Amino acid sequence: MDSFLLRAENIGLQINQRQVLDNINLSIKPGEILTLVGPNGSGKTSLVRVLLGLIKADYGKLQRKPGLVIGYVPQKMHIDMALPISVLRFLQMGIKANIDETSYMATTLGVVELLDQPLQSVSGGEFQRILLTRALLRKPDLLVLDEPAQGVDINGQQQLYQLISGIRDEFGCGVLMVSHDLHLVMEATDQVLCLNTHICCSGHPEAVSQHPEYLKLFGASLDGMAVYTHNHNHSHDLSGGVVDHQHHEGCNHDH
Amino acid sequence: MIIDDFILRALLAGLLVVLVSGPLGCVVVWRRMAYFGDALAHSALLGTSLSIMFDINPLLGVILTGMVLSYLLIRLQIRKDLSSDAILGILSHGALAAGLVMLAIMQSQGRRVDLMAYLFGDLLSVSWNYLIWLSAVCLLVLGIISWLWQSILAVAVHEELARSEGVAVDRVRLIFMLLMAVVVAVAMKIVGIILITALLIVPAASARRFVKSPESMAIMAVIFGLFSVLGGVFASMQWDTPAGPSIVLVSVILFFVSRFKGSV
């Protein structure tokens, strides 16, 4: 049997008599980036919460590598203004704090100037990187990111995904992330699961992006498959400039 | 000026209580649990009357009633079709009504019950015996708070993050509720049922502006609490005002000063 960090078999979940997850099978290996995509209400966040152990599945089997350390970056997080806490303190909560290690990691993720700031004063993008820093300081075997690009502008998103795949290369941890936008994460992911209560399709990102089930789910909401095939072609031609992608999308759409 | 024995006991009791209500009150402010504090306070009246009825230590009776209230709250929150706000309102006023009815029954049976003392506190009648009890309880609570502080803080910052990192969130929440029940029971003697929540949240709120870390806020809240007790007891001696409300009034004045004085 091959090694895995986390394995789910036949997971099912109901919330208020509504089937939210059905027959989910997945496994994450060390050093692998697995991306969950799916429309709103498809159960992405619920699946992440089940995998993290925050809620219990109604049926199915969840296995974790013994002693698995998870670094979790939640989707959005509100810290009450009444709680005085600096970025540094937040980073070091609950771990044996080592200032050298903390500032090294904070430097790597570009948040080192923020360490003395109140946590509530940082911007959305900065907060995402702080959460990432905090997760990495725990030396996780598995990094779980729920919509990491939320509240980050489109240039920042590209950088963020590059950063995440860089982290995987440097630390060798597995990564599970949720994204609403496959074409943005395409280059940074090894495996894609397209979710809509059940797993519609899965596999290599480029294969998934052309899978009929995937197109059925996303095609309508994003003005047809042309956007996707087009974008897909361009992500091979262009290395940077996501804004350019969008411009081309527009052109393509007019054809 | 010679400080009378009863004034000294009142001061000591007040200081002991703010030692625990300071840090606990900060967490109440961070986690927005003020309404829960109110509900506990209301249940304290029921606890007291039950203690009289069954002839047990009132402190114990109030703590037990608070525990039952916390348990009911947790059970009722499992179904998500009512907000905790509504559930708390029902428990809070249900307990208050039950307490008032029980007290009336006690009185009709010819027991002498001083309702005003429960509602507004009875700081000046604190006995040495009560003080010994109080110090034991407060030190125990303070010990548990310090022991669990990191976990309490993690839960206050973000419950799910804490849970994903292996903090026993449910246990921490439960213990925190029990600690609050204990503090409400001991604070009842100081400021009375109606004003207990104020003793928790006002010093913590006053402290907020001057601090940059959770721990310094807890310490600063204790300091604000100490000055409130000193000021309140002094005012009570000077102008013969009721001690509990005077303490709360001083803390509220300090709060306004902390908010408005010289915006740095």
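Quantities reported herein were computed from a predicted structural model and do not represent experimental measurements. Letters go in sequence order (proteins before strands), and every chain restarts at 1.
- Between chain A and the options B/Glu165, B/Gln150, B/Met217, B/Arg32, the largest number of non-hydrogen pairs under 4.5 Å is found for B/Glu165.
- Residue-environment remark: OH (B/Tyr35) exceeds the threshold of 12 foreign heavy atoms within 6.0 Å.
- A cation-pi arrangement is found for A/Arg7 relative to A/Phe4, the charged atom lying closer than 6.0 Å to the ring centre and inside a 45° cone about the ring normal.
- Chain B forms more heavy-atom pairs under 4.5 Å with one residue of A/Met93, A/Arg49, A/Met77 than with any other, namely A/Met77.
- Considering only heavy-atom pairs separated by less than 4.5 Å from chain A, the leading option among B/Val29, B/Asp81, B/Leu153, B/Val157 is B/Val157.
- Remark: A/Tyr59 OH is packed, more than 12 non-hydrogen atoms of other residues, nucleotides or ligands lying under 6.0 Å away.
- Highest contact tally toward chain A, considering only B/Ala204, B/Pro214, B/Ala162, B/Cys26, is held by B/Pro214 [criterion: heavy-atom pairs under 4.5 Å].
- Residue B/Arg31 does not touch chain A at all, counting heavy-atom pairs closer than 4.5 Å.
- If you measure heavy-atom distances from B/Arg163 to chain A, the contacts under 4.5 Å come from both the backbone and the side chain.
- The aromatic rings of B/His93 and B/His42 are tilted relative to each other, their planes meeting at an angle between 30° and 60°.
- Between B/Lys212 and A/Asp116 there is no salt bridge, since none of the side-chain N atoms of the basic residue sits less than 4.0 Å from a carboxylate O of the acidic one.
- For B/Glu160, the parts sitting under 4.5 Å from any heavy atom of chain A are the backbone and the side chain alike.
- Note on A/Glu147 versus A/Lys44: salt bridge recorded, some NZ/NE/NH1/NH2 to OD/OE distance being below 4.0 Å.
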